[in-house]
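Labels below follow one simple rule: chain letters A, B, ... track the order of the sequence lines, proteins then strands, and each chain is numbered from 1. All values below were derived from every heavy atom in this structure, side-chain atoms included, with hydrogens, water molecules and symmetry-related copies excluded.
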Number of protein chains: 2
Amino acid sequence: MVSLSRSTAYGVLVLAALDPQGQEYRAAADVSAEANIPRPYLSKILARLQEAGLLEGKRGRDGGLRLAREAHRISLLDVVHAIDGEDWADQCLLGLPGCSGSCPCPVHAFWSGIKPRIEEVLQTTSIDRVRDFTDAGWKMTASGD
Amino acid sequence: MVSLSRSTAYGVLVLAALDPQGQEYRAAADVSAEANIPRPYLSKILARLQEAGLLEGKRGRDGGLRLAREAHRISLLDVVHAIDGEDWADQCLLGLPGCSGSCPCPVHAFWSGIKPRIEEVLQTTSIDRVRDFTDAGWKMTASGD
DNA sequence: CTCTAAAATGACCCCGGGGTCAACTTTATT
DNA sequence: AATAAAGTTGACCCCGGGGTCATTTTAGAG
């Protein structure tokens, strides 16, 4: 299957559910409910987002989650890097070990052209774009297709 | 990680290792050695390739494997379908359940544009293109990058 | 008919991603 | 200090993809 990990998708939804200004805290339980993410699993994702400096968690009473910077300054690529890792697209499409720039497989050249375009879209699409989207009534459900 | 499955990559290598005319049989053990594919695992891949009508296996003495049709008439997309399945790219890049054409996520439009291009490249790249490539001295190794 | 070289088959193991649980730590309030 | 509300942490389970093994089936040759 050609797609990013589910965790990354969750990460995007989580960030999109927070105050785009990065000011107010919002309860994790709240986010969990809204984005339809299993609550305990959410924490794992939060950990990675915090490691990557995209998110701040405040413990204790009146604590919660908030963006580390404004939503329009966080890109989807930031999230991909934080969760799927920096090497999310190191391999070419066929993923043949031994395939590289110096020794390209038949689809390598094509992939070398496509990959930067995908990366660019992820780079230039920010979290608040997703926010607009979820605000428009979209809901993450199991049977969407 | 954004890539096709390893099995699909193996499938491509296997087909590329056979007689492009689809005439002569070649021993599976032979293919296994050349393509650096664990021999027992090879059989699983063979099964799917045969189901999909891309490959013929002949048992017994002097048996072996051969293409069901000429190499230039087998595309990478055929292999992807045979092994990863028809739905290898049903989901959009983020893979959000609930994201669809009628209710697109923010990267959906972009992905709808890219996906056909990927499919087209896979469709128009045939097995013998890969053959040329492996013949040129490329070898599947664990530490290629 | 039997021996043997080949592919095919089914059961099994391993590991990482996704998901769950129960404890723990922090901190504002009283 | 005690408490309650919050996030955090580590251990655990489940499942599918990748990979291995032993066995079975097939077909040519003597």
Side-chain angles (χ1 to χ4, degrees), chain A residues 1-11 13-14 17-18 24-33 35-51 55-68 80 82-85 87-88 91 94-97 140 142, chain B residues 1-11 13-14 17-18 24-33 35-51 55-68 80 82-85 87-88 91 94-97 140 142:
Chain A
M1 184 69 65
V2 179
S3 78
L4 297 169
S5 75
R6 175 166 290 241
S7 292
T8 296
Y10 280 156
L13 292 180
V14 168
L18 301 178
E24 296 174 18
Y25 286 100
R26 186 170 183 200
D30 220 7
V31 174
S32 163
N36 243 32
I37 304 175
R39 180 127 58 109
Y41 181 48
L42 177 61
S43 290
K44 280 193 184 175
I45 296 164
L46 296 178
R48 300 214 211 163
L49 293 176
Q50 289 186 74
E51 254 179 76
L55 186 89
E56 290 171 358
K58 183 179 165 193
R59 297 174 126 161
R61 224 192 125 123
D62 297 333
L65 310 169
R66 73 175 182 188
L67 300 180
V80 171
I83 297 183
D84 261 12
D87 61 341
W88 68 282
Q91 302 191 325
L94 279 179
L96 296 171
M140 174 135 167
Chain B
M1 182 69 66
V2 179
S3 77
L4 297 170
S5 75
R6 174 165 291 238
S7 293
T8 295
Y10 281 155
L13 292 180
V14 168
L18 301 179
E24 297 175 17
Y25 286 100
R26 187 172 184 199
D30 220 8
V31 175
S32 161
N36 244 34
I37 305 175
R39 179 129 58 110
Y41 180 47
L42 177 61
S43 292
K44 281 193 184 176
I45 295 164
L46 296 179
R48 300 214 210 165
L49 292 176
Q50 289 186 73
E51 254 179 78
L55 187 88
E56 288 172 359
K58 184 179 165 192
R59 297 173 124 160
R61 218 192 132 128
D62 296 334
L65 310 168
R66 73 174 182 189
L67 300 181
V80 171
I83 298 184
D84 262 11
D87 60 341
W88 68 282
Q91 301 190 325
L94 279 178
L96 296 171
M140 175 134 167

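Computed from coordinates, the A:R59 CZ to D:dT3 P distance equals 21 Å when rounded to whole Å. When the C1' atom of C:dG18 is taken as reference, atom CG of A:L42 falls 14 Å away, rounded to whole Å. Separating the CD atom of B:E56 from the C1' atom of D:dT26 is a distance of 16 Å, rounded to the nearest angstrom. Atom OH of A:Y25 is separated from atom P of D:dT8 by 11 Å (rounded to the nearest Å). Going from atom CZ of A:R6 over to atom C1' of D:dC15 covers 13 Å, rounded to whole Å. Protein atom CD1 of B:I45 is 9 Å distant from nucleotide atom C1' of D:dG18, rounded to whole Å. Distance, A:R39 CZ to D:dT9 P: 17 Å, rounded to whole Å. Straight-line distance from the CG atom of A:L4 to the P atom of C:dG17: 14 Å, rounded to whole Å.
Checked by atom type, the side-chain pair B:S7/B:Y41 shows a donor-acceptor distance below 3.5 Å.
Put simply, B:Y10 has a side-chain N or O that comes within less than 4.0 Å of OP1 or OP2 on D:dG19.
Put simply, the side chain of B:R48 gets close to the backbone of B:I83: a donor and an acceptor are under 3.5 Å apart.
For B:E56 against B:Q50, the heavy-atom pair with the smallest separation is C-OE1, 4.3 Å.
Nearest-nucleotide positions on DNA chain C place B:L55 closer to the 5' end than the other of B:L55 and A:Y41. The residue among B:Q50 and B:K44 whose nearest nucleotide of DNA chain C is located toward the 5' end is B:Q50. Residue A:R26 is the one, among A:R26 and B:S7, whose nearest nucleotide of DNA chain D lies closer to the 5' end (criterion: closest heavy atom).
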Atom pairs under 3.5 Å: protein N/O with N/O of nucleotides 28-30 of chain C:
none

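Across all strands shown, B:P38 has heavy atoms under 4.0 Å from sugar-phosphate atoms exclusively, and none from any base. A:A47 comes within 4.0 angstrom of no nucleic acid atom, judged by non-hydrogen atoms across all strands.
Taking OG of A:S43 as the start and CD1 of A:I37 as the end, the distance is 11.0 Å to the nearest 0.5 Å. Within the model, atoms CD of B:E24 and CZ of B:R66 stand 10.0 Å from one another, a figure rounded to the nearest 0.5 Å.
When side chains are defined from C-beta on, A:L65 does not count as touching A:L49, because their heavy atoms never get closer than 4.5 Å. Using a 4.5 Å heavy-atom threshold, the side chains of A:Y10 and A:S5 count as separate.
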